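What follows is a set of notes on a single structure, which appears directly below.
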Amino acid sequence: MLELLATRYAYVAFIVLLSVGLYMVIASQNLVKKVIGVNLFQTAIFLFFVASAYVEGGAVPVVPKDSAGPTEVIVSPLPHVIVLTAIVVGVALTAVGLALIVRIYTEYGTLREDVLREVRSDD
Amino acid sequence: MIENVPALLIVLPILVATLPLLVGLRYERVGWTVAALTTTAAFAMALWLALVIFTTGEAVIHQLGGFPRPIGIELVADRLSAPFVVLATGISMGVLAYTRRGGPRGNSFYSAYLLLLGGLLGLSLTGDVFNMFVFLEITGLTTYALIAKGKSGESAIAALKYLIIGTVGASMYLIGVGFLFVATGTLNMIDLATAIPQQAGYGNPLILTAFAFVFVGFAIKIALFPLHTWQPDAYQRAPDGATPLIAALVSTVSAYALFRLVYTVFTVEFLVSIPHASEIVVTVGSISVLAGSALAVMQRRVKRMLAYSSVSQFGLVVLAYGLMNDTALLGALVHLIGHAIMKGGLFLAVGTIAAGTGARTVKEYAGLAKRMPFMAGSLAVLGLALVGVPPSIGFLGKWFIAVGAIEAGIWPVAVVVLLSTMLTLGYIARLLERMYFTPAPTRGGAPEGSLATDGSGNDPTPGAVSAGMLGVTVLAALLAVALGFSGGAFDSLLGPFIEVILNG
């Protein structure tokens, strides 16, 4: 167990962040905090990709034109590209989510889900 | 030339999506025209693509940027994706005939509409599992925006609910992709099919977890019980012009993507070698069929009732995925295509009826057959097609799935399939009874029979129903019946593909 924590701490952090994010989405009554929970959930996945791509002593995947070819261990750039793309997707999602929350707030005057349920059942 | 069509089909709607907003700064109602031209062009390209694929029998593959597999991203149009590309462009075109008069208006709607079309086509054509995640999110984001286009605050709440649940679903799919990538080192679907057994083996915990995440992620996107909670709100609160598009296409293309992942990436050998994998898929589908129908029968509002009906119909499709024989898989694909046409048509009819008479609940549909005979007729035909009355595409799909269940020798599942027909009749019959056999409540001697008379007391809007709205709904009803005779055609078009995925 200790050895797992010492050598694979990034993956343990991935699981913890994932769970915390999911818990926030389910348990928090505040709509903004729910969106933050979704963000945390996604960030955990970014951490997983970056951690999986880490190579001890790996070099940047740039090979000069006139060199004979790669001689050292080279890091795969693909996971990093995936994370970059996923971050962009996450930003777009956060923007749309917050825009919807602004509209809900102007309409009902609250950010809390339980209050929202009460207000709507009165109608 | 033809190998560029898959890329064009995705790029064209996404690029043109900027035009309604840009040109809209100067010309006010340009959105519809731009969308109509683009969708027609995309439909023509889709037909051409399908024609080439089905006449030559070869898949059309486009390598983005000229990088070969497995380094680059591939777009693959084969026997499986071609029908869905035609379906997505065709239904989008039909919905435009409704939105011209029926709304929602505004150029921003058409920008989101074109982005959604681009996302759906990307989802159907991509051959790369991470690329699929990106298109899944494009589709999701535009769907949230389209739902929020509804006038009331309720639609914003429904959109936010879908956004949160849908994002968690798509993220779960991304985790699955991550595990697959770590286990095999590739993201290309065709490459993964061979890399999974060679690099990792079917029993590898990473592969098993990846399958679980992918299945749960897509179960959320397809709205299978009990992960369906976002879907009734989303369908009900979306504007009447956007619901047909969302209900007909978004879950359908997600279900197609799940089919692609299960049978092209994980392959049938994986399902066979993992104990209980197919049983779990069949059970989840069966529960969804029963629960969705039961919830649909209880609804008062027609849009909500049809939304729960989708939960049950998609349960039927996923159930067939797990049966793993050619008849059931053909049934699943036919029912996917048929359900898109029928549910799209039903929501178009419901939207037209709401625009013409203001009726939104089952109760308010009383005596509708006299006030809007064509709409009531189309609704009845489409509803009976959904029940599975022959000749109709609904009958064909359910028939193949039922025969597949009997061939697989799983009798409880055959019972569920037949029961689903009875349950569908349960909620469709309520509508039919109201429309045809309950007289409309007359208020102050208001004359019956004229289109604009409203039994529920809402102010009727003269001229709210255009010929396009009527025409496209009747067309959907005719198509649902006409395709009922196409069982042999579907078998000859899709049969060879199913043969290959089942027998290698």
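Since the model is a prediction, treat every value here as computed from it, not as a measurement. In what follows, chains carry the letters A, B, and so on, assigned in the order in which the sequence lines appear, proteins first and then strands, with residues in each chain numbered from 1.
Remark: the backbone N or O of B:Leu295 is paired with a side-chain donor or acceptor of B:Gln299 at under 3.5 angstrom. For A:Gln29 (side chain) and A:Asp114 (main-chain N/O), a donor-acceptor pair under 3.5 Å exists by modelled atom type.
Only one option out of B:Asp191, B:Leu187, B:Thr186, B:Leu174 pairs with B:Val129 in a side-chain contact (heavy atoms from CB on, under 4.5 Å); it is B:Leu187.
Proximity to chain A involves both the backbone and the side chain of B:Val168, based on heavy atoms less than 4.5 angstrom apart. Using a 4.5 Å cut-off between heavy atoms, B:Ser155 contacts chain A through its side chain alone, with no backbone atom that close.
Your options are B:Ile175, B:Val182, B:Val177, and the one with the most heavy-atom pairs under 4.5 Å with chain A is B:Ile175. Note: A:Ile82 leads A:Leu31, A:Ile45, A:Ile82 in heavy-atom pairs under 4.5 Å with chain B. The candidate from A:Val38, A:Ile104, A:Val88 with the greatest count of non-hydrogen atom pairs under 4.5 Å with chain B is A:Ile104. Highest contact tally toward chain A, considering only B:Phe179, B:Phe133, B:Phe130, is held by B:Phe130 [criterion: heavy-atom pairs under 4.5 Å]. Chosen from B:Ile164, B:Val134, B:Ile138, the residue pairing most often with chain A at heavy-atom distances under 4.5 Å is B:Ile164.
Expressed to the nearest 0.5 Å, how far CD of B:Glu154 lies from CG of B:Asp233 amounts to 8.0 Å. Rounded to the nearest 0.5 Å, atoms NZ (A:Lys34) and CG (B:Leu163) are 12.0 Å apart.
Taking 4.0 Å as the cut-off between side-chain N and carboxylate O, B:Arg360 and B:Glu364 do not count as a salt-bridged pair.
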